[in-house]
Every structure is written in structure tokens, then in C-alpha cells.
Amino acid sequence: MKHVISIEDFSRKDLDSLLAEADKMLSFVKKGKQLDIMKGKIMGALFFEASTRTRLSFESAMHRLSGSVIGFAEPASTSLAKSETIADTVKTISQYCDVIAMRSPFPGAAKLASEVSRVPIINGGDGSREHPTQTMLDMFTIKKEKGRLDDLHIALVGDLKYGRTVHSLCKAFQNYKKIRFTFISPKELAIPNEYKIGEYRETNKLELEDADVVYMTRIQKERFPDQTEYEKLKNIYRITPETMKTMKKDAIIMHPLPRVGEIDWHCDSDPRAVYFKQAFYGVPTRMAIIKMVAGGGN
Amino acid sequence: MMMVKHIENGTVIDHINAGKALEVLKIIGGPNSSITVIAINVLSTKHGRKDILKMEDVYIDKKKLDLISLIAPNATVDVIKNGKVAEKRQVKLPKEVSGVLKCLNPKCITNKPREPAVTKFIVKQNPLRLICAYCNKEFEGESLLKA
Ligand SMILES: [Zn+2]
């Protein structure tokens, strides 16, 4: 049984073929066509931690494959509130469905779930550790918008210390050639050493002149025990139409969303601002992921 | 070398890194009621100073030998029967350690009460690190043993 637990379980070959499948799905989505791949099948969407957009993106992907969805959107409405373990919840609900997409605040929960589940598990985020489907859709976005996944200069901006999307992206790009990273963050939120892989540069200035991909992240209030520290850093990086003038003509700006103040909405109409497209690409990417683990027949 | 009491049946662990004998003993779960000889900072012909442990009627399983290797990678283990060395064993750094150590990440699923997760750590060398297979957090080799 195949699961999607960690981006590190995927080789370049795996990722490339997954993204090729996502590209096929994209053409169907663009035509507004529904596929029959998951017809008669059910996805369990188990959100032990609320995340409206990840959940709806999974649900949309399942519906586009003609499947249906059961599940819950937050732990308050489940037996977890009555302190059932995650393992027991997963084991039980895996009796009712054909694939599970889950999210929890506990790192390692998805791996544990894969050990007890009757059906494939897709990790939709477990605590600070992993969010592999986000990384896959980020890569799909870069592939579609830049036409390649090798030979790129990627600037990662903001909270590089806690930002798991940033960490997973660094790991995933280990498999690709001629990748150069610029890590842009205040020193309090610097990238941990384990992600400084290959060619990179660190700075606290928003220098984007040379970047092909600018990946913005939100600086999260929850991360700071001291709120004055947060107030000091929250608006440290802000992309405005002025900033965009300094960027390459064919660069792209990405953001896992939701954004707070780090990208001025005046930038949205610039074709280089691809963050909403990125959300759009999430659906075909997750269709490909669902097909890969639960589509049968391939 | 200084002579310490011979044992008739049991285990002798030699070439323990100097000063680590008590930690090794803690891993083994001793001392118990049987005779235990602990020699600390003994002069060794090869490596300067070392510690030695001799334990009457104590035999050590592989899982614990693996753990000992995390703090005393050069240790040698002699199994003594009737006053003679019946078996010589070497500690070996395992690829992974499962079920004995506790993850130090309080949020890790393995620390959530009643979840049926058995801890598992991937062992990385130079320097020695243990990576939790669940939460992926990396720990210094010895920090988990002290917890
Ligand atoms: Zn852990």
C-alpha cells in the first residue's frame, strides 16, 4: 500500500512522474471535465486540526475524480474531543473509505496513521514537520510557470525557521540540478542548518533582482512567546509594485497563503504574481496524488 | 593494569570511554543485587584512560549492547562462564534504535498518551545523532540517553 507521508520518500523520478500526471489532470480541470478514476470510491478527510483551504482543495480534487468525501473539519466535532486516540480514529474511519487525507498538529501522526490504517494515507500536514502535498503543488507551480525544475535561483523569504513549506521545498530540490537558494530572513527566523543544502546565500535584505522564483511566507504570531518581538518583525518584508520593479521580468512570486501583509494586493494583477494560480494548481496536483495511491489499475 | 576482582559468571565490559561507566551501567539497568565492580579512569595501554565494568550474573541483550555503543563505541564485551571467557562480543552502532529511547520533542506523536507508537530513531554518525522516525527531530547522540 502506498502512502504519502514525507516529501523525502519521493525520488526525483517519483516526483517527475507525479507532476506529469498532474499536468494531465490540469488539462481536464481546465476543460471543466470530470474523470471517473475514483467513481464509487470515498475519501475520508480527517482534519484533527482545521485548515479550510487544504481540506477544500482535497475535496475538490476528489470530486473532480468522481469520488465522494466524508470526514470532519475540526477535532471538536469528533470522538477526539472525547479523547479517542488518533490511531483509533484512523483505524476506525479507514473501515469506511478508500483513501484518507489527514491533518493533525502532532508531528509523526501521519506516519502512525499509515501503520494502523486499512487504506492509503495522504498527509495533509502534521505539525511542524511535513506537508508533502503542498510541496508537490509548489513544485508543479514552478514547473508550469517556469517550464523547468533545474537551473533555478530560488529566493525564500520570511519565516525560514519555522516555515515547513520552505523546509520541504529545500529537501525536494536536493534532487534537482543547478539550484541556487537565497535565504532572506531576520536572524531570529534564519533557516536551520540542516536545510542549507548545495549552493546558497543568506541575507536579511529583500534582494530579489536575480531570483527566478520568490517564495514568500507569512511570519506567524503563534511562533513568538514575546509579542513585542512579533510586532517588530511582522512587516519586515513586504512586496509592493515598487519591489516588483527590481525583479526579473520572468520571475514568479509564490506564497502558500493565507497572506497577511507581506504581499501588497496591488501586486496581484502583475502576471508574475502566481500565488492564486498556485492554489489552483493544488487541485490537479492532489488529483494526481489521489490517483497514485488509490486510483487502482495503474 | 590494576587488578579488580575476577568474576565467575557474568559480563565484563572493557574499553568504555573514560568516565562513562556509570552511564553504561544505567543503560544496563544496574547495579542490582549482584556483585558489580566499577573501575573508572583506569590506565589503558592503547587509548589513555578507560572505564571497566564487571558484573556477576548479568548478561546483556543485543538491544542494550546497541545502546551502549552510542556512548562507548569502542567497548568490548566478554561473557564469562566458570571463570573463563566464553564469548567475546563487540558493541556495534545500530542503524536504528527502536522502542527504548524516548523522543524529547514534547509534541511528537510518540509522546501523546495512549497512541500506539513505538519510538524509533535513525542513527547518523560523525557526529553521532539520532533522528526520530516520527517527528523527524534530530538529537545529539547522548541527550536521549540522559533523559
Ligand atoms: Zn519524535
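First the proteins, then the strands, lettered A, B, ... as listed; each starts at 1.
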* Are side-chain heavy atoms of B:K112 and A:T85 found at a separation under 4.5 Å? -> no

* Qualifying residue, where the test is side-chain contact (heavy atoms from CB on, under 4.5 Å) with B:N136 and the options are A:E130, A:K111, A:H167 -> A:E130

* Over 12 foreign heavy atoms within 6.0 Å of NZ, A:K196 -> yes

* Asked: With a cut-off of 6.0 Å (strictly less than), are more than 12 heavy atoms of other residues, nucleotides or ligands near NZ of A:K171?
  -> yes

* Could you look at B:N105 and say if it's the side chain, the backbone, both or neither that has a heavy atom under 4.5 Å from chain A? => side chain

* Structure fact -> Assert top hit (heavy-atom pairs under 4.5 Å, partner chain A, pool B:A117, B:P113, B:A133) equals B:A133

* B:E87 atom CD, over 12 foreign heavy atoms within 6.0 Å -> yes

* To the nearest 0.5 Å, how far apart are CG in A:L112 and SG in B:C108? -> 9.5 Å

* **Exercise: identify the closest heavy-atom pair between B:K107 and A:P105** => CE-O, 4.3 Å

* Count the heavy atoms belonging to other residues, nucleotides or ligands that lie under 6.0 Å from NZ of B:K20, then report whether that count exceeds 12. => yes

